[in-house]
Amino acid sequence: MKATLTMTVAGLTLVTLVAGCGSSGKSNASGTTTPAPAGQTASAEVSPPDSGVATLTISGSGFGAPTMANPGEPIKVVNKDSVPHTVTSGSAFNVEVKAGGTASFTAPTTPGDYPLTCRFHPKMRGTLTVRGI
């Protein structure tokens, strides 16, 4: 009887461990796991589909990494600083963003690199890259 009980506990423990470690899905908000799509593992990061809106984030009085956009694509500007800034590139575009606020503008239709500056803080520099399609 003792041997049967030991084997049963060992078997249940093994099943629990395998079930807990064997999932390749992702947990959702309810705590359940959904299976990963075929050919994809849980550790793979999948890029979201192109949303049609690029985001340029200003933080620490800087534009951060170069922002990529498609020609004519809307660009959302998020200012995480406590002071206002502008996103200016010569005569191509000039948008003011309130402290802690957001603004938007449309990317130029001509592909290329557009140097960014802030009219209020001339040492702020960045780049908007408009991709060729």
Side-chain angles (χ1 to χ4, degrees):
M1 177 78 170
K2 187 176 179 182
T4 304
L5 181 60
T6 302
M7 292 291 286
T8 303
V9 170
L12 288 174
T13 301
L14 180 61
V15 168
T16 302
L17 287 173
V18 170
C21 295
S23 174
S24 65
K26 295 184 179 182
S27 294
N28 62 24
S30 68
T32 61
T33 302
T34 56
Q40 184 180 19
T41 63
S43 62
E45 288 298 320
V46 179
S47 299
D50 192 359
S51 65
V53 178
T55 301
L56 186 156
T57 302
I58 299 171
S59 180
S61 290
F63 293 113
T67 300
M68 304 286 283
N70 292 319
E73 179 178 22
I75 299 175
K76 178 181 179 182
V77 181
V78 178
N79 182 359
K80 293 187 174 184
D81 288 346
S82 60
V83 296
H85 293 291
T86 69
V87 179
T88 306
S89 186
S91 61
F93 51 85
N94 179 44
V95 61
E96 186 172 335
V97 191
K98 294 180 182 180
T102 61
S104 63
F105 68 98
T106 302
T109 56
T110 304
D113 290 335
Y114 291 82
L116 305 176
T117 59
C118 172
R119 288 185 297 123
F120 304 144
H121 309 99
K123 291 185 180 183
M124 283 179 63
R125 303 270 182 214
T127 304
L128 169 67
T129 300
V130 178
R131 301 180 196 114
I133 294 183

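Note that the structure is a prediction, hence the values are computed from the model and not measured. FYI, side chains are in, hydrogens and waters are out, and symmetry mates aren't considered; it's all heavy atoms of this structure.
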Requested in this report: Starting from the C-alpha separation in whole Å, work towards a yes-or-no answer on side chain to side chain contact (heavy atoms under 4.5 Å, CB included) for T117 and R125.
Outcome: CA-CA 5 Å; T117 59; R125 303 270 182 214; 2.6 Å; yes
Query raised in the report: Tell me, do V130 and T110 make a side-chain contact under 4.5 Å, heavy atoms counted?
Result: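 The answer is no, as the side chains (C-beta and beyond) never meet within the 4.5 Å cut-off.
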Query raised in the report: Side chains of K80 and I58: closer than 4.5 Å at any heavy-atom pair?
Result: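 SC-SC contact between K80 and I58 ruled out.
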Requested in this report: Using the side-chain contact (heavy atoms from CB on, under 4.5 Å) rule, pick out the option among T127, T55, L128, V77 that qualifies with T67.
Outcome: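 Of T127, T55, L128, V77, side-chain contact (heavy atoms from CB on, under 4.5 Å) with T67 is met by L128 alone.
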Query raised in the report: With respect to L56, which candidate in V78, N79, L116 satisfies the side-chain contact (heavy atoms from CB on, under 4.5 Å) definition?
Result: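 The option that passes is L116.
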**Report entry** Y114: ring-ring contact (aromatic ring centres under 6.0 Å, His included) partners, not counting sequence neighbours
**Finding:**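 Listed in chain order: nothing, the list is empty.
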Query - Residue pairs passing the ring pair (Phe, Tyr, Trp, His ring centres under 6.0 Å) test where at least one lies in residues 53-81, sequence neighbours excluded - result: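 For residues 53-81, and leaving out neighbouring residues, there are no ring pair (Phe, Tyr, Trp, His ring centres under 6.0 Å) pairs at all.
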Show every donor-acceptor pair shorter than 3.5 Å between a side-chain atom in residues 84-105 and any protein atom, with sequence neighbours excluded, or say none if there are none.
from, atom 1, to, atom 2, distance (Å)
H85, ND1, H121, ND1, 3.1
H85, NE2, D81, OD2, 2.9
T86, OG1, T88, OG1, 3.1
T86, OG1, R119, N, 2.7
T88, OG1, N94, OD1, 2.5
S89, OG, P115, O, 2.8
N94, OD1, R119, NE, 3.2

Query - Least distance between heavy atoms, A107 atom then I75 atom - result: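 Closest heavy-atom pair between A107 and I75: CB-CD1, 3.7 Å.
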